[in-house]
Q: 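First, the structure itself, so that you have it in front of you.
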Number of protein chains: 2
Amino acid sequence: MPTTPRAADLKLTGLIGTMRCSQLFTGLPTEDLALIAGFSLTLQLAKGDYLFHEGEASRGFYLVQSGAVNVHRVSATGKEQVIHVFRAGESLAEAALASLTGYPANARAVEPSTVLLIPKAPVLDLIGQRPDLALRMLGSMSAHLRVLVGMLDDLTLKDVESRLLNWLVKHGRTAAGGVIKLPGTKRVLAAELGTSSETLSRTLARLRDQKLITVGARTITVLAAPALAAQLRRNLGEG
Amino acid sequence: MPTTPRAADLKLTGLIGTMRCSQLFTGLPTEDLALIAGFSLTLQLAKGDYLFHEGEASRGFYLVQSGAVNVHRVSATGKEQVIHVFRAGESLAEAALASLTGYPANARAVEPSTVLLIPKAPVLDLIGQRPDLALRMLGSMSAHLRVLVGMLDDLTLKDVESRLLNWLVKHGRTAAGGVIKLPGTKRVLAAELGTSSETLSRTLARLRDQKLITVGARTITVLAAPALAAQLRRNLGEG
DNA sequence: CTGGCGCCTTGATGCGCGTCAAGCCCGGGC
DNA sequence: GCCCGGGCTTGACGCGCATCAAGGCGCCAG
């Protein structure tokens, strides 16, 4: 691909556009965005490609431009625990910037994705010169902390049914007509809920028999969102 | 209590001493420490006093000078999930500094404690002027992220025995002679491990029968640390 | 000393769910 | 058309653990 000045400009403005839409950089002046875009790298990832592995030294942090990136840990037993799936506009791995122990988890594209790598050294320099950027980074990391705390909450929901209800309520809010498109296979959803595909299947069947949802091949349709929430509260109440 | 210049000086130098020993501020020049100490408040807490509650607007962040502070969430079922127990030299609630949604958890002293409150506004100002302080805050928050990720790991250790072994190995390292003093009652430890006091009691009894530990009223003594680690690996291996 | 009250321990029971295993459905290759 | 493999479902079974319940033990007050 030729990199004429014109093409480079186009690429740059494209980057700046995505950065402006990201939670981390939104509202930052254009010149700062251009500066950051100037030393950032664009990565094209196929489904299944790894962005980084646990323990690797930090190369920088990442901004998802399109697609989806699954951040996860593998336990000593070889099981994969999903921490979060990052989508367009979200940034990840800021934590490794300021730490010497490398990335604390693994990241892998679950779809074909384009990701921005913002290298460590220049961004640390820039943070030194732009205190408000530092505050943004702090804010972003605190958001990630909240995600993890939320995960803890989920894991203390003992019931698989409760975790599933919680998931349905959360994802049903953002889905039009209550139709939730599954990110991948149902086994993946099961993993995200910390259970097996068999148990997920049974639990979905139970909710379907109660006319709360319908289950398609790659979709789940919420028929009665309030009833779902009510059932969730009931489960919690009797815990 | 009279606040003569001399007494104020003494108090200040005391504060600076503890700050110098903290992970967050260690290595910072004395004038910065004095500046921070100047606008910080010292709080005396009795056992059971709350530092803050979930959802409250952030007043600032905290540095434990002595004692112990339990950060936890209460689930919808009313159960208390311990996130971390902070002890002397550790800082907490940095995350709420840069976020508008207030504290994400509750904090309560589990012993009589003295805690430094570093108010939000002046420390944000200072971060603006001292970029290296911002980097420290980022580092501190990334350490907290790691703690949470570690908790996730623990929770995915399915066995209570595995979680307990993990806990014993971790705490046995820092304990002299393998004698671990329990932070509180055994029911508290059970909660920290995410189980009931009955099951904890049974599991401790099993390890005692295997001559791996001895159990006292408020202490657990590790007799064979390598054997504990071996048993943990065995549990993980067959998962 | 005696009663009451936590805390810990131990036994019995039931339930959720992980696992193995078998059958079903659907799409792709030949 | 056929076959075959992967994903999904459903059944059977066992294990770990929460729960209920009862008893022992230390502590403090009366």
Side-chain angles (χ1 to χ4, degrees), chain A residues 47-48 75 77-81 110 154-167 181-210 213-221 231-232 234-239, chain B residues 47-48 75 77-81 110 154-167 181-210 213-221 231-232 234-239:
Chain A
K47 172 177 176 174
S75 72
T77 75
K79 283 190 57 174
E80 183 171 299
Q81 172 66 46
V110 292
D154 282 5
L155 288 179
T156 57
L157 295 178
K158 27 185 161 310
D159 243 320
V160 169
E161 179 170 311
S162 300
R163 293 204 293 274
L164 175 58
L165 285 170
N166 191 39
W167 189 92
K181 256 189 116 277
L182 294 185
T185 164
K186 286 188 184 157
R187 177 169 254 103
V188 172
L189 174 56
E192 193 174 332
L193 294 174
T195 184
S196 66
S197 63
E198 293 95 324
T199 300
L200 173 61
S201 179
R202 281 183 243 273
T203 312
L204 284 173
R206 207 178 319 128
L207 296 181
R208 172 168 26 84
D209 295 348
Q210 295 172 39
I213 60 174
T214 59
V215 180
R218 281 292 206 278
T219 59
I220 300 175
T221 307
Q231 174 115 358
L232 177 55
R234 199 174 321 128
N235 282 359
L236 295 177
E238 70 199 19
Chain B
K47 172 177 178 174
S75 73
T77 75
K79 282 189 56 173
E80 181 171 301
Q81 171 66 45
V110 290
D154 283 3
L155 288 178
T156 56
L157 294 179
K158 23 184 163 311
D159 243 321
V160 167
E161 178 171 311
S162 300
R163 294 203 293 274
L164 175 58
L165 285 170
N166 192 39
W167 190 92
K181 256 188 116 282
L182 294 184
T185 163
K186 287 190 183 154
R187 177 170 254 105
V188 171
L189 175 56
E192 192 174 331
L193 294 174
T195 187
S196 66
S197 63
E198 293 96 325
T199 299
L200 173 62
S201 179
R202 280 184 242 275
T203 311
L204 284 173
R206 207 176 323 126
L207 296 182
R208 172 167 27 83
D209 294 350
Q210 295 172 40
I213 59 173
T214 59
V215 180
R218 281 293 205 278
T219 60
I220 300 176
T221 307
Q231 175 114 359
L232 176 55
R234 200 174 320 129
N235 283 359
L236 294 178
E238 73 198 19

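Lettering of chains follows the sequences in order, A, B, ..., and the numbering in each one begins at 1.
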Q: Is there a side-chain contact between Val215(A) and Lys186(A) in this structure, where contact means two heavy atoms from C-beta onward sitting under 4.5 Å apart?
A: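 Side-chain contact under 4.5 Å: yes.
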
Q: Scan residues 193-205 of chain B against DNA chain D and write down, sorted by residue number, each residue with any heavy atom closer than 4.0 Å; if none is found, say none.
A: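 Correct list: Gly194(B), Thr195(B), Ser196(B), Glu198(B), Thr199(B), Arg202(B).
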
Q: How many Å lie between CZ on Arg206(B) and C1' on dT9(C), as a whole number?
A: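 It is 14 Å, rounded to the nearest whole Å.
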
Q: If you take all heavy atoms of Arg187(A) and Ser197(A), which pair is closest and at what distance?
A: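 Scanning both residues, the minimum pair turns out to be NH2-OG, 3.7 Å.
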
Q: Could you tell me whether the side chain of Asp159(A) reaches within less than 4.5 Å of the side chain of Leu165(A), counting heavy atoms only?
A: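 A side-chain contact under 4.5 Å is absent here.
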
Q: Starting at atom NZ of Lys186(A), determine the distance to atom P of dC24(C), rounded to an integer number of angstrom.
A: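 It is 19 Å, rounded to the nearest whole Å.
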
Q: Check every atom of dC8(D), dC17(D), dC8(C) against the side chain of Arg218(A) and return the nucleotide holding the closest atom.
A: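 Output: dC8(D).
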
Q: Answer whether the closest heavy-atom distance between the side chains of Leu164(A) and Thr195(A) falls below 4.5 Å.
A: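 No, their side chains stay 4.5 Å or more apart.
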
Q: Side-chain contact, heavy-atom cut-off 4.5 Å: Asn166(A) with Leu232(A)?
A: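 With C-beta onward as the side chain, the pair touches.
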
Q: Could you state the atom-to-atom distance from CD of Glu161(B) to P of dA18(D) in whole Å?
A: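 Rounded to the whole Å, the gap is 14 Å.
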
Q: Heavy atoms, side chains only, cut-off 4.5 Å: are Leu200(B) and Val160(B) in contact?
A: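 No, side chains not in contact.
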
Q: Using whole Å, what does the distance between atom P of nucleotide dG5(D) and atom CZ of Arg187(A) come to?
A: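 The answer, rounded to whole Å, is 17 Å.
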
Q: I need the CG-C1' distance between Asp159(B) and dC17(C), as an integer number of Å.
A: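 From Asp159(B) CG to dC17(C) C1': 14 Å.
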
Q: In this structure, how many angstroms lie between the P atom of dC15(D) and the CG atom of Asn235(B), rounded?
A: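 Value for this atom pair: 16 Å.
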
